[in-house]
Amino acid sequence: MPELPEVETVRKGLESLIVGKTIKSVVHDNERSFPNDPAIVSQFAINSDVSLVKRRAKVLLIELSTEYTLMTHLKMTGQLVFVADATKQAQNLKHEIRNKSKKEIDADFEFRASNLEFAESDSIRFGAGHPNHSLVGNLPDKSTRVTIIFEDDSKLFFNDQRKFGWMKLLPTALVAQEPFMVKLGPEPLELEFTDQVFISRVRRRANTSIKAAILDQTVLAGVGNIYADESLWGAKIHPATLVRNLSDKQLSVLRREIIYVLRLSIEKGGSTDRNYVNAEGKRGSYIDFARVFRQENKPCPRCQTIIIKTRVAGRGTHICLICQKHKNK
DNA sequence: CACTTGACCTGTCCGC
DNA sequence: TGCGGACAGGTCAAGT
């Protein structure tokens, strides 16, 4: 779910919240989410400063003063949430919860409160200098996979319900050489993403659906299911249309629509469909502006036809059958 | 190489 | 109310 706009929103938030902070300790709950050698973590993360927060495609890059980078992929349910004062916020949240009726408390709210309580519990017992500071901790919260604790006791939580995401520490110079990074297509919001570049890359997938093609991160970087549906509706293209049946003109329009929806979503702080939140734990509002995504059984904003949900490229897909005619031969 | 499908996980929702 | 199964959808590995 975190796609380019969501990851970019987290990046911007982290940039203003953690740059310059010194890492005191790191705690994690399983090897899959944090596949790093404790000795490397100890040597290159502990006592280092955060120098930059970058993004490439859907990958977040937290660069450290040691020339190492914490590379993070949120995949489906990952969150990176910064908390400056966990004790105070936990008290505030508990106070708010007491003053709300059961109905008013949404799941996210309770989730954050339990995370904050955990943060102040004695389960964080591996401080800097402790030989086990980067080993598996005994974390009571179910979805907190990694906790980065800074010198001022502020914390960065990497939460990930489904454990698809990961955070790994590697030399900054080797980030671009990671197999996934090498194969990535162009950044859609950079100047390099011209009509010519987009069309030639998309046409390498001539015999697949246009939706599968734009979801392919080697064609272009950063589009996922939400913005694929949104941009295809904008370009009036049926997602199942084979690439070979699309004209250059149509692909040019699609490129423009991709840029449009990504920019609009960044402006709205991303889409909170299920559990995406930004670096401050807040939801994004793009979903309020979505034209087709999650709008099944509602009227198309262009022609009022009821939007349907079907399956294309193995994904849930939202279409207006009148605006998006299917022309495969 | 091009393309499709299933696996990786866990929480939620829906029908019985 | 409990319970099984479908579903969510980013990427990789294995299949055709």
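In this text the structure is predicted, and so the values were computed from the model without any measurement. So that the names make sense, note that chain A is the first sequence line, chain B the second, and so on, each numbered from 1.
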### Query
Separation of A:Leu74 atom CG from C:dG10 atom P, in whole Å?
12 Å
### Query
Given atom CD of A:Gln217 and atom C1' of C:dA13, what is their separation to the nearest angstrom?
17 Å
### A:Arg55: which of A:Arg11, A:Glu15, A:Lys12 passes side chain to side chain contact (heavy atoms under 4.5 Å, CB included)
A:Arg11
### Message
Work out how far the P atom of B:dG6 is from that of C:dA6, and round it to whole angstrom.
### Response
13 Å
### Query
Out of C:dT11, C:dG9, B:dT10, which nucleotide sits closest to the side chain of A:Phe180?
C:dT11
### Task
Give each stem of DNA chain C as a range with a range, requiring at least 3 consecutive Watson-Crick or G-U wobble pairs whose two distances are under 3.5 Å.
B:2-8 with C:10-16, B:10-16 with C:2-8
### Query
Between A:Thr272 and A:Ile287, what is the shortest heavy-atom contact and its length?
O-CG2, 4.0 Å
### Query
According to the interplanar angle, ranging from 0 to 90°, do the rings of A:Phe150 and A:Phe82 count as parallel (below 30°), tilted (30 to 60°) or perpendicular (above 60°)?
tilted
### Query
Say you draw a straight line from CG of A:Asp49 to OG1 of A:Thr22; how long is it, rounded to the nearest 0.5 Å?
4.0 Å
### Task
With heavy atoms under 4.0 Å as the rule, sort A:Ala313 into base, sugar-phosphate or nothing.
nothing
### Query
Looking across every strand, which nucleic acid part, if any, lies under 4.0 Å from A:Gly314 by heavy atom: base, sugar-phosphate, or nothing?
nothing
### Query
Can you tell which of B:dT4, B:dT10, C:dT11 lies closest to the side chain of A:Arg205?
B:dT4
### Query
Mapping A:Arg162 and A:Pro179 to their closest nucleotides on DNA chain C, which lands nearer the 5' end?
A:Arg162
### Task
Nearest whole angstrom, please: distance from the P of C:dA6 to the CZ of A:Arg311.
12 Å
### For A:Ser33 against A:Phe158, the heavy-atom pair lying closest together
O-CE2, 4.0 Å
### B:dT5 to C:dC7 separation - P atoms, rounded to the nearest Å
15 Å
### Message
Checking A:Ser51 against A:Ser65: is there a side-chain donor and acceptor pair closer than 3.5 Å?
### Response
no
### Message
Whole angstroms only, please: what is the NZ-C1' distance between A:Lys211 and B:dT4?
### Response
15 Å
### Query
Given atom CG of A:Leu242 and atom P of B:dA2, what is their separation to the nearest angstrom?
16 Å
### Message
Which nucleotide wins on minimum distance to the side chain of A:Lys163, given the candidates C:dG10, C:dA8, B:dT10?
### Response
B:dT10
### Query
So what does A:Lys309 touch, heavy atoms closer than 4.0 Å: a base, only the sugar-phosphate, or nothing?
sugar-phosphate
### Query
Does a side-chain N or O from A:Asn207 land closer than 4.0 Å to OP1 or OP2 of B:dC3, or not?
yes
### Message
With the stacking rule set at 5.5 Å and 30°, tell me whether A:Phe164 counts as stacking on B:dC8.
### Response
yes
### Message
Can you see if the side chain of A:Arg244 gets near the phosphate of B:dC3 - specifically, an N or O under 4.0 Å from OP1 or OP2?
### Response
no
### Query
Does A:Arg204 get its side chain close enough to the base of B:dA2, under 3.5 Å, for a donor-acceptor pair?
no
### Message
Between A:Thr77 and C:dG9, is there a contact of a side-chain N or O with OP1 or OP2 at under 4.0 Å?
### Response
no
### Message
A:Tyr227 vs A:Ser265, test: side chain to side chain donor-acceptor pair (under 3.5 Å). Steps then yes/no.
### Response
CA-CA 9 Å; A:Tyr227 305 106; A:Ser265 184; 2.6 Å; yes
### Message
Classify the ring geometry of A:His326 against A:His238: parallel below 30°, tilted from 30° to 60°, perpendicular beyond 60°.
### Response
parallel
### Message
Expected output is a numbered-order residue list: members of residues 225-241 of chain A with a heavy atom under 4.0 Å from any atom of DNA chain C. What is it?
### Response
A:Asn225
### Task
Check A:Arg294, A:Lys211, A:Arg291 against A:Asp229 for a side-chain hydrogen bond (donor to acceptor under 3.5 Å, both in side chains) and give me the one that passes.
A:Lys211
### Query
How far, in whole Å, is C:dG10 from B:dC13 if one measures between their C1' atoms?
22 Å
### Task
Output yes when at least one side-chain N/O atom of A:His73 is less than 4.0 Å from OP1 or OP2 of C:dG10, else no.
no
### Message
Taking only the P atom of each, what is the distance from B:dG11 to C:dT11 in whole angstrom?
### Response
22 Å
### Query
Is A:Glu230 reaching over with its side chain to a backbone N or O of A:Phe293, donor-acceptor style, under 3.5 angstrom?
yes
#### Entry: Distance, rounded to the nearest Å, where A:Lys58 contributes NZ and C:dG9 contributes P
11 Å
### Message
In this structure, how many angstroms lie between the P atom of B:dC3 and the CZ atom of A:Arg315, rounded?
### Response
16 Å
### Value in whole Å for how far the C1' atom of C:dA8 lies from CE of A:Met76
6 Å
### Message
Looking only at the side chains, is there a donor atom on one of A:Ser252 and A:Asp195 sitting less than 3.5 Å from an acceptor on the other?
### Response
yes
